[in-house]
> 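Submitted below is the structure of interest, expressed as structure tokens.
Atom set for the values below is all heavy atoms of this structure, side chains included, hydrogens, waters and symmetry mates excluded.
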Amino acid sequence: EASDFAASEKELMETIDALGRAIGILEKEMAKNPAAFAQMDTSGAASAVQALSTILDAASLAASDRQTLQALLQQQSSADDDEGPGAPAAATYKSHSSGIFEVLEDLKEKAETELSELRKAETTAKHNYDMFKQSLEAQMEQDKKHLEEEKANKAEAEEGKATAEGELATTTKMLADSQKELATTQSVCMQTAADYEATLAGREEELKVIAQAKAILVD
């Protein structure tokens, strides 16, 4: 789009410049004494008309505008060739020149308006583009921040999960060790109880034998 704008701007500026130079030539000729201009060698008028044609050929004009100017230039050229010296010729030249001058001024004004509107549209488009770019960059920055937060939350959750799993493994091992120790303790206790009962039974047997012996001795 920037290249299209540059091309259009260059074309309009060249058109305005060409029309300005054409108007300058016409103003210079119209400033001369019309009667004197009409009585001089027609090569002067022809040169002016030729200069206008050359300049306008370089300008980028619409087809309808170019046809209008060409018709006026042809009328001016015909007037220079057909009219003899004197006031009527001068009046004819002035009339035709005024018509050309008005058309050139109108075209120049129209080209300047188009250039102004083109630049205004480009400024608006650039502003809209900058605003869109700024909005897009802000959205991208927000999305990036959100993604980083999500990554941080995920990492924290994974770390918490790993910690919990580690604690679970430690607790499970401690429980297994406690259960093993409990089983060992129960086994020892049962063996101790069994030994105590055996000892007690033996002691009772000994007391019984002693009592029997004592009874025998008494008798």
Side-chain angles (χ1 to χ4, degrees), residues 1-28 51-73 100-188:
E1 294 182 358
S3 59
D4 293 341
F5 165 74
S8 298
E9 182 184 43
K10 180 181 178 182
E11 182 177 316
L12 284 170
M13 290 176 66
E14 290 176 349
T15 298
I16 292 170
D17 179 68
L19 290 170
R21 285 185 287 122
I23 291 171
I25 292 174
L26 192 58
E27 286 178 336
K28 181 179 178 181
L52 287 174
S53 298
T54 302
I55 292 174
L56 294 176
D57 285 340
S60 300
L61 301 176
S64 59
D65 295 333
R66 183 177 292 277
Q67 291 175 357
T68 300
L69 281 172
Q70 287 177 345
L72 289 172
L73 290 174
I100 296 174
F101 181 81
E102 290 175 358
V103 173
L104 291 175
E105 284 284 5
D106 180 65
L107 291 176
K108 184 172 180 289
E109 182 179 352
K110 183 169 67 173
E112 289 173 342
T113 300
E114 290 180 4
L115 179 60
S116 177
E117 291 177 350
L118 177 69
R119 287 173 173 171
K120 182 178 179 181
E122 176 64 14
T123 299
T124 301
K126 187 177 184 302
H127 174 72
N128 292 338
Y129 170 78
D130 291 340
M131 293 297 293
F132 175 75
K133 180 182 178 183
Q134 182 178 355
S135 176
L136 184 61
E137 289 176 346
Q139 183 62 45
M140 290 176 64
E141 186 64 25
Q142 184 176 357
D143 291 343
K144 181 180 178 181
K145 182 179 179 181
H146 180 71
L147 179 61
E148 290 176 351
E149 290 177 351
E150 289 294 328
K151 288 182 178 179
N153 292 337
K154 181 181 179 182
E156 184 178 354
E158 290 177 348
E159 182 180 357
K161 179 183 177 183
T163 301
E165 289 176 347
E167 292 177 350
L168 177 61
T170 300
T171 302
T172 301
K173 184 177 182 302
M174 290 176 61
L175 178 61
D177 293 341
S178 297
Q179 289 175 341
K180 182 179 179 181
E181 184 177 353
L182 177 61
T184 302
T185 301
Q186 288 177 342
S187 177
V188 171

> Holding to side chain to side chain donor-acceptor pair (under 3.5 Å), I want the full list of residues that pass it with K145, two or more places apart in sequence or in another chain.
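Side chain to side chain donor-acceptor pair (under 3.5 Å) check on K145 returns nothing, list empty.
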> Would you compute the distance between atom CG of L136 and atom CG of D143 and round it to the nearest 0.5 angstrom?
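Answer rounded to 0.5 Å: 9.5 Å.
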> For N128, give me all partners under side chain to side chain donor-acceptor pair (under 3.5 Å), at least two apart in sequence or on another chain.
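Partners of N128 under the side chain to side chain donor-acceptor pair (under 3.5 Å) test: none.
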> Donor-acceptor pairs under 3.5 Å, side chain of residues 178-186 to any protein atom, not counting sequence neighbours: which ones?
from : atom 1 : to   : atom 2 : distance (Å)
S178 : OG     : M174 : O      : 2.9
T184 : OG1    : K180 : O      : 3.0
T185 : OG1    : E181 : O      : 2.9

> Taking all atoms of both residues into account, what is the closest heavy-atom pair of F5 and R119, and its distance?
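Reported closest heavy-atom pair: CE1-CA, 4.0 Å.
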> More than 12 heavy atoms of other residues, nucleotides or ligands under 6.0 Å from CD of E9: is that the case?
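More than 12 within 6.0 Å, yes.
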> Please report the interatomic distance CD1(I16) to NZ(K110), rounded to the nearest 0.5 Å.
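The CD1 atom of I16 sits 12.0 Å away from the NZ atom of K110.
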> Testing the 3.5 Å rule here: is there a donor-acceptor pair between the side chains of Q134 and D130?
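Per modelled atom types, Q134 and D130 side chains form no pair under 3.5 Å.
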> Mind checking side chain to side chain donor-acceptor pair (under 3.5 Å) for E112 and listing every partner two or more places apart, or none if nothing turns up?
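E112 satisfies side chain to side chain donor-acceptor pair (under 3.5 Å) with K108 once adjacent residues are dropped.
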> Any salt bridge (Lys or Arg N to Asp or Glu O under 4.0 Å) involving residues 148-170? Give me the pairs, sequence neighbours left out, ordered by first then second residue.
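Not a single pair qualifies under salt bridge (Lys or Arg N to Asp or Glu O under 4.0 Å).
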> Determine the minimum heavy-atom distance between L12 and L118, stating which atoms define it.
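In terms of heavy atoms, the two residues are closest at CD1-CD2, 3.9 Å.
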> For E114, which residues count as a salt bridge (charged side-chain N to carboxylate O under 4.0 Å, His left out) partner, sequence neighbours excluded?
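Counting only residues at least two positions away or on another chain, E114 forms no salt bridge (charged side-chain N to carboxylate O under 4.0 Å, His left out).
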> So among H127, K126, K133, which one has a side chain to side chain contact (heavy atoms under 4.5 Å, CB included) with Y129?
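It is K133; the other options fail the test.
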> Distance-only, no hydrogens or angles: does the T172 side chain make a donor-acceptor pair with backbone N or O of L168 under 3.5 Å?
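Such a contact is found between T172 side chain and L168 backbone.
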> Going from NE2 on H146 to CD on Q139, what distance comes out if it is rounded to the nearest 0.5 angstrom?
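The NE2 atom of H146 sits 10.5 Å away from the CD atom of Q139.
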